[in-house]
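What follows is one structure encoded as structure tokens, with my remarks underneath.
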Amino acid sequence: MPGDSLPQHVAIIMDGNGRWAQRQGKKRSSGHRAGAVAVRRVTQAARRRGIPFLTLYAFSTENWNRPASEVSTLMRLLEVFVARELPSLQENDIRLNGLGDWDALPPRTRKSLARALSATAGNQSLTLTLAINYGGRDEILRAARRLCQDWRQDNRPPGAISQDDLASRMDSPGLPDPDLLIRTAGEKRLSNFLVWQAAYSELYFTDVCWPDFGEEDFDLALAAYAQRTRKFGGL
Ligand code: FPP
């Protein structure tokens, strides 16, 4: 695939774990476990293809509304996944990064994530960002609050606020905007994911449920992206 037709940042809404499990007469938790296997598979595929940024929507601010047992399954899965994958992240020079408000996460999940974040901080080949307790509107709101505080402190006029002033107060200001945003399992919406950053992302939807999403599906998305003409509002 020619150089600039490879997206630098791919973001994924990993949907369909529950439906995948249901179709096989299994519990939703087994869908999430299979989803974690897909995370490993797709991360390796991105690494091998030389994509420097991969961002995954692992738990939204709205996912707290699910039954408590499902929430704790997901939190425990994240905790265990990150701990278990740490050696492989190191081996593959992958840096773990985060989006979202992690203060509300169970302490064990937070600790496991924090440990992996600091252990992999120097890795450079791929930045794997997990969005956990993340909502695009919540991120913008928290950034706006920081901005207001800074502005008030320096007594600056609101008219002096630029887009960069807000963007630089988001959760991960070093992360470039996603070039390609993939959503699995058939729904065609953003569901509060990266609402600021995805303003000019190319969107790709597939009916494949996340636990079934493999390397070939990833390549189909990359091939579709390579066909797109990006204009960013120009001609
Ligand atoms: C959506 O499927 C998926 C989630 C809410 C959680 C995503 C979590 C994982 C893929 C597993 C763990 C993640 C990592 C990073 C190890 P759904 O439950 O909404 O499916 P449904 O729409 O079919 O019910």
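Atoms considered below: every heavy atom in the structure, side chains included; atoms not considered: hydrogens, waters and symmetry mates. When a residue number appears, it is its place in the shown sequence, counting from 1. Whatever order the structure lists them in is the order used to number ligands and atoms, beginning at 1.
Under the 4.0 angstrom criterion for non-hydrogen atoms, D15 is in contact with ligand 1. The closest approach between R28 and ligand 1 falls below 4.0 Å for a heavy atom of the residue. Under a 4.0 Å heavy-atom criterion, A185 is not in contact with ligand 1.
Among L175, L130, N97, the one residue that satisfies the side-chain contact (heavy atoms from CB on, under 4.5 Å) test with T55 is L175.
Annotation: R137, atom CZ; neighbour count of heavy atoms from other residues, nucleotides and ligands within 6.0 Å does not exceed 12.
Taking a cut-off of under 4.0 Å to the non-hydrogen atoms of F81, the atoms of ligand 1 that pass are 16 (C). Of all atoms in ligand 1, numbered sequentially from 1 with element shown, those under 4.0 Å from a heavy atom of H32 are 11 (C), 18 (O). Listed by number with element, the atoms of ligand 1 under 4.0 angstrom from any heavy atom of A58 are 6 (C), 7 (C), 8 (C). The ligand atoms of ligand 1 that sit less than 4.0 angstrom from a heavy atom of R19 are 21 (P), 22 (O), 23 (O).
Comment: E85 engages R40 in a salt bridge, judged by a side-chain N to carboxylate O separation of less than 4.0 angstrom. Using a cutoff of 4.0 Å between basic side-chain nitrogens and carboxylate oxygens, D103 and R110 are not scored as salt-bridged. Of the charged side-chain nitrogens involved, none lies within less than 4.0 Å of a carboxylate oxygen, so that E139 and R142 do not count as a salt-bridged pair.
Here's the thing with G18: one of its N/O atoms is less than 3.5 angstrom from an N/O atom of ligand 1. Backbone and side-chain nitrogen or oxygen atoms of N63 are examined, and none is located within less than 3.5 angstrom of a nitrogen or oxygen of ligand 1. An N or O contact shorter than 3.5 Å links R66 to ligand 1 by distance. When only interatomic distances are considered, the shortest N/O to N/O separation between W210 and ligand 1 does not fall below 3.5 Å.
Aromatic ring orientation, Y57 versus F193: parallel (interplanar angle below 30°, classes split at 30° and 60°).
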Show your reasoning for whether salt bridge (charged side-chain N to carboxylate O under 4.0 Å, His left out) applies to R230 and D179.
-> CA-CA 9 Å; R230 305 190 74 192; D179 301 298; 2.9 Å; yes
Begin with the C-alpha distance, continue with both residues' side-chain angles, and end with the deciding distance and a verdict on side-chain contact (heavy atoms from CB on, under 4.5 Å) for D219 and R49.
-> CA-CA 10 Å; D219 282 340; R49 281 153 189 73; 2.6 Å; yes
Should Q8 and I51 be marked as a side-chain contact (heavy atoms from CB on, under 4.5 Å) after you check the CA-CA gap, both sets of side-chain angles, and the distance that decides it?
-> CA-CA 5 Å; Q8 296 299 289; I51 292 167; over 6 Å; no
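In this structure, CG in N63 is found 9.0 Å from CG in N133, a value given to the nearest 0.5 Å.
Contacts between Q22 and ligand 1, counted as non-hydrogen atom pairs separated by less than 4.0 Å, are absent for every part of the residue. When non-hydrogen atoms are compared, ligand 1 lies under 4.0 Å from the side chain of L78 (C-beta onward) but not from its backbone.
Of all protein heavy atoms, the one closest to atom 9 (C) of ligand 1 is N17 ND2, 3.6 Å. The shortest contact between atom 12 (C) of ligand 1 and any protein heavy atom is with L77 CD2, 3.9 Å. In terms of protein heavy atoms, atom 3 (C) of ligand 1 is closest to M14 O, 3.1 Å.
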